[in-house]
Amino acid sequence: MHILLLGSGGREHALAWKIAASPLVTKLWCAPGNAGIAREAECVALDIANHAAVIDFCKQRGVELVVVGPETPLAAGIVDDLAKANIKAFGPSKQAARLESSKGFTKDLCAEFNIPTGAYKRFGTAAEALAYVRAQGAPIVVKADGLAAGKGVVVAKTLQEAEAAIAMMFEGAFGAAGAEVVIEEFLSGREISFFALCDGDSAISLASAQDHKRAFDHDEGPNTGGMGAYSPTPFVTPEIHDQIMSRIILPTLAGMKQRGAPFRGVLYAGVMLTRQGPKLFEYNVRFGDPECQVLMLRMMSDIVPAFLAACDGELRHFNLRWYPEPALTVVMAAKGYPGDYRKGARIDGLDDAAKIEGVEIFHAGTVAKDSAIYANGGRVLNVCAMGKTVTEAKARVYQAIGLIRWPDGFCRRDIAWQAVEQEHK
Ligand code: AMP
């Protein structure tokens, strides 16, 4: 089978690694890819925002399945355009991708279908939003309605922070994405990422994972795309798993079908485990990055039949098998990220680091020049490992990081601290 993967991050390197391992695959391309992906797939310099160019490529090369990694092409309707050209693509349609591209859309769906989430209101002007937060008080959460590269959410601890966030969004900090703002109740509890593979009607859950959003140790510093993750998390018990499936994921699928936009692809629920039970605080319509990296390491089954079953509405009869051992990933980012950072520094020691037992390194923002690897983005490497315990996986990852020579990089030292604490109880 000929497959084209779209994207260039650590998530896509992990997907490329897993897809390339499938005996069904005869050829794998990735557009645009990165230096690590180039070891698994042939990277092609296609502009993935140009849907006509992607369709032409698929027709010329006989691509039978397109796997879409990031949210931007999904929100732009690439799956719809490929479908019109009779090319099968894994991922939601533009309408179904609204679960991520419009926070207001998702909140209204939750209200209509009784899906547990925080109380909220949608606003089109700063004056009304300000009056509402003043009446509600802090803590409170201010969200730009549209896609804002993971930066459109402000968890305001004080009223002043909430007011500043509202002003910033309505002044156009996120362009059209901030023309509408959703103000949401602050949910307290443990945060987990829940993934389900969906075919429009049915869903099968993937392994559980926990992400670490803040830039620095002890969950301090600015929010980022994610600085590390591990799987499984001990906090998703079988009971919580069943509650999330029956109260959140399945009603969402039913609601989307009723609205004429059946959801096919990976549904990624950001869930807060509150005292009143699991509550949804956001949806994403693709794999999380870096959670995907640990899920791909732990997935025993071939992923390609799973993608095909999701596209074809055949998940009902499907099952996925997982390795029981935990996996952990730590993101190495360029100093300064998520703010300004320097590109172009050389990275050494990757081959030695990858030789450590259980270690796998997925690239994000890297380029290769004359067989050396250079940093080319904010999040640059994902150093991952499996182990018999989370503690062992973590020790292997940090041992590998110790061998990587990149003075411009930094990483958190405390990924999976909650799970490690639990293991030592
Ligand atoms: P997002 O950019 O949508 O991933 O949101 C960033 C972070 O904001 C999430 O990972 C949560 O930690 C936090 N967050 C979002 N909504 C809420 C909420 N209603 N209550 C508490 N924290 C929230």
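We count ligands from 1, going down the list as the structure has it; atoms in each ligand are counted the same way. Start at 1 with the first residue, then count along the sequence. Treat the numbers as computed from the prediction; the structure is a model and nothing was measured.
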>> Could you tell me if the side chain of Val154 sits less than 4.5 Å from the side chain of Met168, heavy atoms only?
In response: yes

> Between Glu220 and Arg214, is there a salt bridge with N-O shorter than 4.0 Å?
Replying inline: no

> Hey, looking at atom 22 (N) of ligand 1, which of Met272, Glu100, Lys279, Glu282 has the closest heavy atom?
Replying inline: Met272

> Heavy atoms only: which of Phe281, Tyr268, Tyr283 is nearest to atom 9 (C) of ligand 1?
Replying inline: Phe281

>> salt bridge (charged side-chain N to carboxylate O under 4.0 Å, His left out), that's the test. Do Lys143 and Asp145 meet it? Break it down for me.
In response: CA-CA 6 Å; Lys143 300 185 173 184; Asp145 181 70; over 6 Å; no

> Heavy atom under 4.0 Å from ligand 1: found in Glu185's side chain, backbone, both, or neither?
Replying inline: backbone

>> Can you name the atoms of ligand 1, numbered from 1 with element, that are less than 4.0 Å from a heavy atom of Val153?
In response: 1 (P), 2 (O), 3 (O), 5 (O), 8 (O), 15 (C)

> Counting each atom of ligand 1 from 1 as listed, which ones have a heavy atom of Val141 under 4.0 Å away?
Replying inline: 16 (N), 17 (C), 18 (C), 19 (N), 20 (N)

>> Please report whether the ring centroid of Tyr268 lies less than 6.0 Å from that of Phe287.
In response: no

> Hey, is Arg316 close enough to Asp201 for a salt bridge, meaning N to O under 4.0 Å?
Replying inline: no

> Is there any N or O on Leu187 that sits under 3.5 Å from an N or O of ligand 1?
Replying inline: yes

> Quick one: salt bridge (Lys or Arg N to Asp or Glu O under 4.0 Å) partners of Arg346, sequence neighbours excluded?
Replying inline: Asp348

> What atoms of ligand 1 come closer than 4.0 angstrom to any heavy atom of Glu184?
Replying inline: 16 (N), 18 (C), 19 (N)

>> Taking Glu421 first and then Lys425, would you say they form a salt bridge - that is, a charged N and a carboxylate O separated by under 4.0 Å?
In response: no

> Counting each atom of ligand 1 from 1 as listed, which ones have a heavy atom of Lys143 under 4.0 Å away?
Replying inline: 15 (C), 16 (N)

>> Once you restrict to heavy atoms under 4.0 Å, what part of Val155 touches ligand 1? Side chain, backbone, both or neither.
In response: side chain

